[in-house]
Amino acid sequence: MDLFQPFLALRYNIFMPIQLLSEEVASQIAAGEVVERPSSAVKELIENSLDAGADQITILIREAGKRLIEVVDNGDGIPAEELNLAVHRHATSKLKYAADLFRVSTLGFRGEALASIGSVSHLTLLSRVQKEDKGASIRVEGGDIKPASLLGIPPGTTVRVEHLFYNVPARLKFLKTDRTEKRHINDIVSRYGLANPGVRLKLYQDDDLVFQTSGSGDQREVIAAVYGVETARQMIGVLSEDNILRVDGFISPPGLTRSNRREILFFVNQRPVQDPALTKALTQAYHTLLMKGRYPIAVLFLKLSPEKVDVNVHPTKAEVRFEDKGEVFRSIGRAVRRALLAHTPVSEVGNLGGVKLWGGPAPDHRDVRRVIDPAWELAKDTRDEGVFGAPIESGQLPAAMGTPILRLIGQVALTYLIAEGPDGLYLIDQHAAHERILFEKFISLRDNKPPSQVLLESIVVEFSPSSADLVNEQLELLCEIGFDLEAFGPGAFVIRAVPALLQGTSPEGILRAAVEDLEENETPLERNIEEKIIARVCKRAAVKAGQILSPEESRKLLLDLEACQSPRTCPHGRPTMIHLSVDLLERKFGRTGPM
Ligand code: ADP
Ligand code: MG
């Protein structure tokens with residue numbers, strides 16, 4: 001069956017009368033909206049299981065869902081005589097009247113999912129309601145329903161989706177790599193896990209148990225399963241309620257951040273939603289506590305009366321519409337700020353300089369500094385501007401101009417080195433410069449594996465299932481650049497050695513940095529991956545702005561920078577130095593020429 005046949009016919013035969021699309025074609029069109037990729041099918045099936053009151057759901061995936069998606073639950077089941085209906089479009093047991101739409105409390109209600117999935121896969125439904133002693137099954141192939149047969153199975157429902165998109169090659173072609181599709185599935189399952197701590201979830205990918213929750217009802221336990229025990233331990237609880245909204249969940253302290261928004265999760269009445277405005281309400285509440293480009297981790301549940309939110313604005317219900325958006329956002333902001341204020345920052349300040357006064361891991365140094373050092377604020381604000389209001393761009397420093405020989409004068413704002421060079425004054429960003437130095441050292445050592453530094457005590461780092469996937473995939477590469485790293489149970493890795501160049505930096509921080517970068521690029525070019533990881537790792541390991549450097553350290557930095565092949569930019573392309581030529585100084589002081 002060719003999905004586009006009817007449209008082609010319309011173009012070529014103007015006498016074709018208007019007719020209703022066949023059920024089959026209509027379903028395939030709808031399937032395009034509901035089932036975009038394997039993870040969307042997983043989402044719909046989990047929602048159905050939750051709607052059926054299941055408290056145990058097992059998900060089996062093969063070949064990133066293209067070969068098999070099977071969801072087994074212990075919910076209410078579907079009566080044998082209704083199995084046929086369940087796979088019909090607009091057949092639902094959850095909604096009867098249009099008015100019900102405005103107080104939907106189940107996750108599904110459109111009656112579209114099974115019909116849509118059935119039209120683009122080989123779908124088998126097996127189900128038994130609790131009170132019957134036999135169950136029944138039906139099979140749908142490309143929209144054709146095979147008659148039901150009775151059989152002995154445990155109570156609950158199993159939905160088996162095989163050969164997804166077998167009849168929609170275009171869809172198959174647009175799927176990303178298996179790794180990416182698996183990651184989407186992992187993300188979806190962990191999201192529903194977070195929203196339903198009382199449900200025992202298990203996810204298998206090609207026979208490996210990659211994620212599971214106990215169903216104990218403990219939210220923090222699920223957070224630990226998704227983000228690792230250490231992250232879960234640090235997360236701050238949020239709980240507040242006003243007459244509009246109840247907000248509860250967990251947010252990270254300011255020292256625990258990520259380089260992207262992927263770990264900010266919102267749920268509206270238990271439904272995962274993606275709304276940039278909600279994310280903004282959250283990050284704004286952190287205000288000055290976050291560095292530019294850093295984001296918190298958050299798992300926040302918003303509860304409000306179903307009449308105040310419209311969930312029927314999106315085919316997969318990923319977006320919602322609030323009756324009073326502004327109120328909702330203000331509520332979130334208040335709840336988050338209150339939680340952050342109640343969380344005393346003392347322990348983090350105690351951690352500064354690597355001296356742990358209060359136990360726990362050292363937080364991300366850069367984030368904390370904002371809280372305590374006004375000089376940093378000042379330094380940052382002038383970072384991108386020229387001095388004395390004159391825009392001085394790195395463009396004035398063509399890379400072709402050789403490496404200047406620099407004489408150290410001092411350090412300013414704990415961030416910039418001041419040096420005298422062959423033609424005037426140089427301001428050097430100590431962080432960017434060190435990044436460049438480390439990067440070039442790495443690259444020059446690349447062909448004969450950079451030396452490793454064995455750790456006195458090996459360190460176990462935990463990742464979410466999808467990040468763990470990435471680490472596994474790049475394990476060889478990470479070892480090539482000097483890590484000694486090994487899988488250590490589901491989602492965990494043990495670090496035994498780090499690249500010697502990075503001595504003195506938190507091994508966990510370095511590894512996380514490398515992974516964060518991979519996550520941002522769904523399909524990075526293989527040949528670039530290594531340099532990307534190295535650049536990211538160097539960024540993490542480089543001396544930070546705000547760090548006091550002794551004159552010896554500063555001089556060493558300048559010498560090392562002089563030895564670089566491309567000393568004028570950091571590996572990410574930012575300038576390492578600003579040059580104020582003698583000529584410019586003279587003009588500024590009105591000694592020569594026009595101002
Ligand atoms: P919707 O969830 O929007 O109602 P679906 O196509 O997803 O539409 O499902 C159709 C119907 O099949 C549901 O309304 C429900 O009655 C039944 N059903 C589907 N999956 C399950 C399940 N896992 N357990 C019990 N009933 C189910
Ligand atoms: Mg459904």
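When a residue number appears, it is its place in the shown sequence, counting from 1. Remember, it's 1-based here, ligands and their atoms both numbered in the order they're listed. Every value quoted in this text rests on a predicted model; they were computed, and no experiment measured them.
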Exercise. Could you tell me which residues satisfy salt bridge (charged side-chain N to carboxylate O under 4.0 Å, His left out) with R160, sequence neighbours excluded, listed by chain and number?
Key: E70
Self-check item: Closest heavy-atom pair and its distance - D206, R62
Solution: OD1-CA, 3.2 Å
Practice problem: Apply ring pair (Phe, Tyr, Trp, His ring centres under 6.0 Å) to Y286 and list each qualifying residue two or more places apart in sequence or on a separate chain. | Solution: none
Which is it for [X] and ligand 1 at heavy atoms under 4.0 Å: side chain, backbone, both or neither?
{"X": "A113", "value": "both"}
{"X": "D73", "value": "side chain"}
{"X": "L114", "value": "both"}

Quiz item: Are side-chain N/O atoms of E47 and Y192 paired as donor and acceptor at under 3.5 Å?
Solution: yes
Practice problem: Using modelled atom types only, decide if a donor and an acceptor are shared between the side chain of R220 and the backbone of A232 within a distance under 3.5 Å. | Solution: yes
Self-check item: Numbered atoms of ligand 1 (with element) below 4.0 Å of A52, judged on heavy atoms
Solution: 24 (N), 25 (C)
Exercise. Please say whether D51 places an N or O atom under 3.5 Å from an N or O atom belonging to ligand 1.
Key: no
